[in-house]
Amino acid sequence: MGDLAPSSAVGGLRVRLRQDGPIRLDAAFACAPGELHALVGPSGAGKTTVLKAIAGLYRPKGGEITCGPAVWFDAQAGTWMSPQDRRVGLVFQNYALFPHMSAQANVETSLQGRPRPEREPRALALLAQVGLEGKAHRRPADLSGGEQQRVAVARALARSPNVLLLDEPFAAVDRRTRRRLQADLNVLRADLNIPILLVTHDLDEAQALADQMSVLHQGEILQTGHPDAVMANPASDLVADILDLKPRA
Amino acid sequence: MDWSALILSLQLAAATTLVLLPIGVILGRVLAFHDFRGKRWVEALITLPLVLPPTVLGYYLLIALGVASPLGQAWQALTGETLVFSFSGLLIASVVFNLPFAIQPLQRAFEGVGPDLRQAAWVGGLSPLATFRKVELPLAWPGLLSAVVLTFTHTLGEFGVVLMVGGAIPGETRTIAISIYDRVQAFDTAAAGIMSAFLLISSFLAVAVVYGVGARAVRLRG
């Protein structure tokens with residue numbers, strides 16, 4: 001288990017992925033600490049594959065991934081760090097909460113590197129931070145969709161992650177809950193100071209939350225920039241089409 | 001009631017379950033989580049004892065374990081005894097015969113765990129062994145229980161393979177199912193009736209437990 005130094009000490013995330021198959025990838029971007037970078041694109045564009053490669057759950061054929069001074073993946077040098085050693089926080093699309101464990105036990109699974117007596121108070125503090133006081137003993141099935149998402153966020157933060165990865169985290173909740181959770185994320189990120197990557201197909205969400213946005217299509221990043229700038233100035237007709245904008249004259 | 005046959009059957013069932021459980025967990029898990037060339041053939045081979053007449057399986061086991069076979073000869077050189085018509089030979093046959101009863105419920109159970117949960121555990125810092133212990137096994141335990149119960153009760157009722165490989169040596173290879181057959185042949189329907197009722201009730205209870213546990217597991221997962 002790695003050390004548990006404050007995450008703010010860690011530098012930015014740099015990603016470059018290339019492969020022709022089985023899933024085509026041609027993506028390069030960087031995300032500074034404290035920055036929220038959105039990966040947008042239609043379903044099947046390869047967004048989740050990029051996220052899984054960063055988490056260490058998918059090994060592409062070519063490219064590099066570095067986080068500050070640490071090399072997580074370097075295809076040429078044959079470097080590959082396991083997901084356990086990368087210390088990323090990942091919120092899965094369907095949350096992937098352990099159904100047989102309480103909310104607290106779910107969070108504690110990500111605290112195994114800490115001394116045993118510290119785990120419970122830390123898990124309870126994290127659950128309180130995401131607004132789940134008094135619900136620590138409930139199992140995922142006894143929580144609403146929004147509450148499950150909060151447990152998933154608390155579990156992701158429990159590792160004091162170097163990077164926070166969010167895979168369509170608001171897709172499975174209703175509109176009202178989504179707006180509340182998005183507001184909460186904005187508050188949360190002020191305290192985090194780590195790179196945050198948000199995968200979404202919802203452009204409004206990207207525009208509302210992201211500092212940078214990359215438009216992904218069939219594994220390839222077509223354009224990267226501030227969401228407003230990309231929306232105002234799509235680099236090609238294809239980008240305009242993906243962003244549902246009128247084609248350039 | 002032929003007590004020595006019942007005790008022998010219970011011993012054989014316990015030994016088969018004990019030997020088969022680790023094999024079932026390892027193979028069931030491999031089949032659930034990995035795709036490899038020839039996987040369908042392996043699955044078909046494991047299912048074969050379900051559809052093959054026990055006499056056919058028994059015949060091939062008799063050949064494979066017999067004194068003329070390399071395995072039979074090696075066993076004889078080691079222990080001075082033959083593998084066929086012995087408890088050890090019966091145990092090997094029983095393990096082969098029960099492969100689908102142990103592996104299939106475990107494979108289905110591990111498949112039910114889903115890749116996301118395992119990945120969430122790894123990203124959360126759990127080693128593959130800790131993931132197995134804390135996530136996979138607690139979620140797959142209904143499958144584990146099914147495997148244990150089905151293997152145990154199926155061994156109790158085994159007839160064809162046991163007769164082919166073990167014969168009916170009292171205290172050594174005459175199991176309760178064979179004893180029932182012997183009693184019927186001897187027109188001792190009372191003894192056959194008691195033993196049959198025992199197998200009927202124990203098998204019914206075992207299957208009911210498996211279904212009950214399955215339903216409870218579904219409720220728990222929500």
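Remember, it's a predicted structure, so these values are computed and weren't measured experimentally.
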Option from B:Val162, B:Leu10, B:Leu199 for which side chain to side chain contact (heavy atoms under 4.5 Å, CB included) with B:Ile176 holds: B:Leu199
Exercise: do A:Gln84 and B:Ser127 side chains pair donor with acceptor under 3.5 Å: no
Residue A:Leu165 versus chain B: region with a heavy atom under 4.5 Å: neither
Residues B:Thr16 and B:Asn98: side-chain donor-acceptor under 3.5 angstrom: no
A:Arg18 atom CZ, over 12 foreign heavy atoms within 6.0 Å: no
Region of B:Ala130 that comes under 4.5 Å of a non-hydrogen atom in chain A: neither
Chain B contact via A:Asn94 - which portion, at a heavy-atom distance below 4.5 Å: side chain
